[in-house]
Amino acid sequence: MSRARIQWIGGPVLKARVSEPFQIHEALAVGEQRLLGEVIQLSGDLLTAQVYEDTTGLKPGDPVIGTGLPLSVALGPGILGHIFDGLLRPLGDVGEHWFRPGLAAARSNEFEFEPRLAEGDEVRGGQVFGEVAGLGPGRACLVPPLIAGRVRSIRPPGTYAEDATVLVVEGEDGAEHALAMQHDWPVRRPRPAAERLSADAPMVTGQRILDTLFPVARGGRAALPGGFGTGKTVLQESLAKWCDADVIVYVGCGERGNEMADVLNEFPELEDPRTGRPLMERTVIIANTSNMPVAAREASIYTAITVAEYFRDQGLHVALMADSTSRWAEALREVSGRLGELPGESGYPAYLASRLADFYERASRVRTLNGEEGSVTVIGAVSPPAGDFSEPVTSHTKRYVRSFWALDRGRAQARSYPAIHPLKSYAEDVDTLARWWQLQGNSEWKDYRRRLLGLLETQARLERMARIVGKDSLPAEQQLSLLAADLMNEGFLRQSAFSEVDRFCSPKRQTAMLRLMMQFIDLAGEAVERGVSPAEIAAMPILRTLQRLGEEFGEADLDSKPQLAARIGEAFHALHVAEENADAR
Amino acid sequence: MHADIMLNHAVTGLEGPLLFARREANVSLNDAVEVIGSEGRARVGRVSALDEETMVIEVLESTTGLNLDGTRIRIRQRPLEMSLGPNLLGRVFNSVGQPIDGGPPVPARQRRRVDGMAINPAARDLPRDFIETTVSTIDLMNSLVRGQKLPLFSCGGLPHDRLATQIAQRARLRGAETGEFCVVFVGIGVPYDIAENFRYAMEKSGALAHTAMFLNHADEPSTQRLLTPRFALTAAEYLAFVEGRHVLVVMTDMTNYCEALREVSASHGEIPSRKGYPGYMYSDLASIFERAGCIKGLPGTLTQLPILTMPGDDIGHPIPDLTGYITEGQIVLGRELDRKGVYPPVEVLPSLSRLMDAGTGKGYTHADHPALSNQLFACYARASRARVLASVMGVDGLPETDRRFLEFGDAFEERLVSQEQPRTLEQSMALGWELLRLLPASELTRLSADQLARYIEIEPEPVEPDPETGAGVG
């Protein structure tokens, strides 16, 4: 442990005079309260450090102690289902109303350990050496990635503290490693995997506009930019609730405290639709709210992705929701400013783009060191100032993500959520993911998708025209296009996050809904060709049913699809009969 | 151990609000200091940076009149704090928490740091108690709940102060627990007349006894403006979380606060971000707004109603933009409605309350409240689109349905948005259903068949006289 003494301090940055050597990026304990800090510059006998907590009360001469390790977090079975600050220190069950500096990392939970190895076995990094009984996902105890050798001793089944030694490994170099159920890993270093795999399946989000129009692949990266009030957080929370990942890491980075309270309040009561267990059991929340120390905000993103990689290494599919990456970039800017670095665009440091790239590159689908398949899917919210997507964080993020979900103020104001603008968003993995939809019994997915996007594009064009010539002067088939696009917007793309029936939509239901809508649109097209006026179609009572299909055709009603299809057919038949009768008269 | 230390002849330099001094005593970062000029006046300040020999003091008041030789520094050896005790209500304080109403000092039962501490997110209780403000556009469309921070985005010359005063006077909880609100009014860089009007209005309604006022007048130094909301919120936290009251904090005008922040940042020589405002303005505003909330196991709540005027009426300006990213929604006032004579001129479409879903609906307000407000939003948005079309082609060029929406839009503004008298939520809801009946039922896709049957497809009943106009229709 190296020592230094504070020489200068201002805000979260300090300089200290060192008497023993320190490493760059070494974690520090600062002052008598042992505040967490990190070395960011070394020059002669002076080190510069940032402190992740409120520095009030520090003074020159106070001790700075090096930990010998880069900024690390302890990864273990005690993480799932809990809430932590940006440095993975527990916030729940501490009985503290206020977030005080020097918060202790008192995590000494006990778990029931079952060994999976015996004395003398060969071990390598990433291998599972034991399991924790009674946990859902995340029960595996992993050998830290860089350790390999032979088991010297392993504890029998029993209850041990998370940080108690349960396995002793004799390394290949003869060194002895005492391992516990948890191990430390530096947050800024990606955890290794055996092999990176390419995308093959979507992460099913249960949101129609995403799964059907703009899917994100497992192990993919998506960005969710939008001005304030466009529904970023509600959508992120919906994804966290209903997507088909095994583990959710939700990082509230510089956002509202009440949102964290909302998640903490709601998740234990909600059920995972796939396992029937409380959603909280598969969730980790990392909270650095906007009034918590700024420097820790910068670290919280790395903490979150390190936790996500840890679960990935157990062969799980992990989804990381980061809300919001803009606040993280601002924290980067603030610390950079205090270090007196040259500012780049909008005051952000010149290395903003490479930091964003580093972060998004940690999203991956991999073969783990243990030979299993795991993935980390990253969904980053972006909060562009004044909703302007040309600002640096949004434009750089756009370069690194493969799905771009642009939120639109106009849609949000009409309370048409999720307010994703279908013409400003994109997904790059559509061709790869079409095969997955085919396996789900929807081989027309790509065609439907193209038709739907075409329809929305046409709507935008026709509405511009209608503004000049009036809607009534458009030809009948164009009026029908407008009607069809309205139906898709209202009945298919809109989905209420607060509706018990519609908050989650399975791929099967999405397919059924899409087919019903397309059937209606096709039949309406034929009817118009036969001379039926669009106004008559707009007045059909079945149209109202379709507009409210999300609400009225729930997961439990999937079997009634043929009846609905028959009703649509009959409605048009009745229309034709009425038409013919009128002609006959 | 926390004795005050007096330093004489230690000042080595003065530069704007910054004072450089030799560090001749054991001083820590953020210690509160008093800088006493040769004329004997004490100015509040704090230690903002220090090394082994020197320290930098940020003087939070005007440095005019200070000199190098005659200035003394009293070091408090603890951060900036406020003494708090009973009988805060009914009092008037200045920016730094000193009584200016001629009354006795507040008995010091407790000292709290004015910077406050972040509420542990895990200790927060989700705000969900509906507050009835008696304003339809808020209660019905953008409900306010206890523990929320909901700003008014206004423009110069609009009646935002009147609206805030009315809310402060009338806001109440529904149901059994009708504990009275107490109000903390924070005037940040406000002219004397606004502060006086507020005081008079509260006095007239008998609410002054439940109000504490913190005033920073427009002619006081801008550095003090940064302290006003912090002292006021410290008092509000004491009232809420120690005395167990339900506190509504009205802060006007946050734009003055942000201007002061820019001024002080510039004098520190910091690198500016958008429009010259410092890059940390988001975090700084958050350190104020995030002090609203409810805490598990503690009585009392802290609700904030900040008011800001959008420079150039631009909602994209950094001040409203950053505020909107922190607060839980916004109530936007518009000039066009004001010109039409609509009071309160609330622009419904850009307004939003993020905590509405938690505090409305079955068990909170009324089971059909969310669907009703959702449908009203969708219809009014459609009416606005129809207006754009009508402005190009004229009303006659519109299809019949669009014309019905135009009528709805006008009626919505004239009858629901506009209101002179307070309305209960039930009155607002009845009005909402009545307006929806102007439209064809087939267009009301956000309502269930059951809601349609119960509220829309009924024979119009004789309408009860509207308390405002005395007539059945507006």
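Reminder, nothing fancy here: chain letters follow the sequence lines and each chain counts from 1. When reading the values below, keep in mind they use all heavy atoms of this one structure, side chains included, and skip hydrogens, waters and symmetry mates.
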Chemist: For chain A, which of B/Leu298, B/Val388, B/Thr54 has the most heavy-atom pairs under 4.5 Å?
Modeler: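 Result: the option with the highest number of such pairs is B/Leu298.
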Chemist: Under a 3.5 Å distance rule, please check whether B/Tyr325 uses its side chain to pair with a backbone N or O of A/Pro384 as donor and acceptor.
Modeler: yes
Chemist: For the pair A/Arg256 (side chain) and B/Thr327 (backbone), establish whether a donor and an acceptor sit closer than 3.5 Å, ignoring hydrogens and angles.
Modeler: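 Yes: the side chain of A/Arg256 pairs with the backbone of B/Thr327.
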Chemist: For residues A/Phe228 and B/Ile315, determine if any side-chain heavy atom of one lies less than 4.5 Å from a side-chain heavy atom of the other.
Modeler: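 In short, these two side chains touch, coming nearer than 4.5 Å.
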Chemist: Run the side chain to side chain donor-acceptor pair (under 3.5 Å) test against B/Ser48 and tell me which residues pass, sequence neighbours left out.
Modeler: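 Once residues adjacent in sequence are excluded, B/Ser48 has no partner under the side chain to side chain donor-acceptor pair (under 3.5 Å) criterion.
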Chemist: Checking an interface table here. Which of residues 257-268 of chain A come within a heavy-atom distance under 4.5 Å of chain B?
Modeler: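 Against chain B, the residues of residues 257-268 of chain A that fall inside the cut-off (heavy atoms, under 4.5 Å) are A/Gly257, A/Asn258, A/Met260, A/Ala261, A/Asp262, A/Leu264, A/Asn265.
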Chemist: Hey, are B/Glu52 and A/Lys59 close enough for a salt bridge, meaning a charged N less than 4.0 Å from a carboxylate O?
Modeler: no
Chemist: Under the ring-ring contact (aromatic ring centres under 6.0 Å, His included) rule, collect the residues that match up with A/Tyr250, sequence neighbours excluded.
Modeler: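 For A/Tyr250 there are no ring-ring contact (aromatic ring centres under 6.0 Å, His included) partners, ignoring immediate neighbours.
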Chemist: Within the distance-only criterion (no hydrogens, no angle test), does the side chain of A/Asn291 pair as donor or acceptor with the backbone N or O of B/Ile288 below 3.5 angstrom?
Modeler: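 No; zero donor-acceptor contacts below 3.5 Å.
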Chemist: Pick one of side chain, backbone, both or neither for B/Leu452, based on which atoms fall under 4.5 Å of a heavy atom in chain A.
Modeler: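 For B/Leu452, side-chain heavy atoms alone lie under 4.5 Å from chain A.
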Chemist: Hey, are B/Ser448 and A/Arg548 close enough side-chain-wise for a donor-acceptor pair under 3.5 Å?
Modeler: no
Chemist: For A/Arg333, which atoms come within 4.5 Å of any heavy atom of chain B: side chain, backbone, both, or neither?
Modeler: side chain
Chemist: With sequence neighbours excluded, what pairs up with B/Ser442 under the side chain to side chain contact (heavy atoms under 4.5 Å, CB included) test?
Modeler: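 For B/Ser442 the side chain to side chain contact (heavy atoms under 4.5 Å, CB included) partners, ignoring immediate neighbours, are B/Pro440.
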Chemist: Relative to chain B, which segment of A/Ala466 carries a heavy atom at a distance below 4.5 Å: side chain, backbone, both, or neither?
Modeler: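 For A/Ala466, backbone heavy atoms alone lie under 4.5 Å from chain B.
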Chemist: Would B/Glu290 and A/Met292 count as a side-chain contact (heavy atoms from CB on, under 4.5 Å) if you check the C-alpha gap in whole Å, the side-chain angles of each, and the deciding distance to 0.1 Å?
Modeler: CA-CA 10 Å; B/Glu290 277 291 319; A/Met292 281 157 79; over 6 Å; no
